[in-house]
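Below you'll find the structure, written out as structure tokens, and then a few comments.
Each chain gets a letter, A, B and so on, in the order the sequences are listed, and its residues count up from 1.
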Number of protein chains: 2
Amino acid sequence: MDYEDAIAALADPTRRVIIDRLRSGALPVGAIAQGMTISRPAVSQHLRVLSDAGLLTVTPAGNRRLYAIAPEGVAGLRAYLDSLWDDAFAAFARAAEEKAKENNDE
Amino acid sequence: MDYEDAIAALADPTRRVIIDRLRSGALPVGAIAQGMTISRPAVSQHLRVLSDAGLLTVTPAGNRRLYAIAPEGVAGLRAYLDSLWDDAFAAFARAAEEKAKENNDE
DNA sequence: ACGAATCGTAAGCAATGGCTTACGGTAAGT
DNA sequence: ACTTACCGTAAGCCATTGCTTACGATTCGT
């Protein structure tokens, strides 16, 4: 859907670190910020960007808020890249064939 | 080469427009810049970023320089996203099962 | 050999983005 | 009820980035 926001969100290295920490499952903000060099509010801001991009889901659990990776958001990006790869490979193969024919002509 | 540079390069909307123009095959700089709102040097700068990220190949052809999408660069990004999707989906399924068991207990 | 075309690069400027500190708001513990 | 813990938001600062104009280098056409 909005793969554009998703790719912009994942372009930031810090946000990829956050995503990596959520690979094994949902975590509250404090646990995510734990051991990171930036402040907790900074992490919150990054989480906001990732959620807005559709890459994370938020589930309030009492005192805390659990963030988890949204598979659908990742799927959107995959669809874009798959389409891009199909076209890129087709164009590449076509160019290679073109070149082979050229070499044959001489 | 690095998927990190590749995703950062594709995060820019203007650079995605450039990539889209190369989907059907290689083009010289002038043809790419044709019809775009930004100046030709600006396009050159974007092409530089995309090449450095391993997303484009450059082949000098006499007076001009032909830019084409590098399938390998796109493949690197796909690998990262595939890995991310695998983990995200596994965590999602695990969480769903966890929740189902909870509902059973009461 | 000379002029035109194609393209990359440098310098400078305006805009965007990420970080920190400070603060407010809600839920849990006692 | 009061304190503590957890978290989001606002304001401000600094670095990065994307754009333009100006210039230099290389190649094609005549």
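Residues A:Leu84 and A:Leu81 have side chains in contact (heavy-atom distance under 4.5 Å, counting atoms from C-beta outward). B:Tyr3 is listed as a side-chain neighbour of A:Arg16, based on a closest heavy-atom distance under 4.5 Å. Proximity of A:Arg15 to A:Leu47: side-chain heavy atoms (C-beta onward) are nowhere separated by under 4.5 Å. Taking 4.5 Å as the limit, some side-chain heavy atom of B:Trp85 sits within range of a side-chain heavy atom of A:Pro71. In this structure the side chain of A:Thr14 reaches within 4.5 angstrom of the side chain of A:His46, judged on heavy atoms.
In this structure, B:Gln45 atom CD and D:dT17 atom C1' are separated by 10 Å, rounded to whole Å. As rounded to whole Å, 15 Å separates atom C1' of D:dG8 from atom NE2 of A:His46. Distance B:Arg40 CZ to D:dT20 P: 11 Å, rounded to the nearest Å. Separating the CG atom of B:Asn63 from the P atom of D:dG29 is a distance of 8 Å, rounded to the nearest angstrom.
Close to D:dC6, at under 4.0 Å from its OP1 or OP2, lies no side-chain N or O of A:Arg65. The shortest distance between the side-chain N/O atoms of A:Tyr67 and the OP1/OP2 oxygens of D:dC6 is not below 4.0 Å.
Taking hydrophobic clusters as Ile, Leu, Val, Met, Phe, Trp and Tyr residues chained together by side-chain heavy-atom distances below 4.5 Å, A:Leu27 shares a cluster with A:Val29. Cluster annotation: A:Ile32 and B:Phe92 are assigned to distinct hydrophobic clusters (Ile/Leu/Val/Met/Phe/Trp/Tyr, side-chain heavy-atom contacts under 4.5 Å, transitive).
Residue contacts shown for B:Arg48 are limited to sugar-phosphate atoms, with no base heavy atom under 4.0 Å away.
Partner of B:Leu55 under the side chain to side chain contact (heavy atoms under 4.5 Å, CB included) criterion, out of B:Ile18, B:Val49, B:Leu10: B:Leu10 alone.
Of the two residues near DNA chain D, B:Ala61 and A:Val58, the one whose nearest nucleotide lies more 5' is A:Val58. Both A:Thr37 and A:Gly62 sit near DNA chain C, but only A:Thr37 has its closest nucleotide nearer the 5' end.
Extent of DNA chain C lying under 4.0 Å from chain A heavy atoms, first and last nucleotide in 5' to 3' order, is C:dG18 to C:dA28.
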> Would A:Ser44 and A:Arg48 satisfy side-chain contact (heavy atoms from CB on, under 4.5 Å), going step by step from the backbone distance to the final call?
Replying inline: CA-CA 6 Å; A:Ser44 265; A:Arg48 171 66 185 267; over 6 Å; no
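Side chain of A:Arg64, nearest nucleotide from D:dC19, D:dT9, D:dC6: D:dC6.
Proximity of residues 9-33 of chain B to DNA chain C (heavy atom under 4.0 angstrom from any strand atom) is restricted to B:Pro28, B:Val29, B:Gly30.
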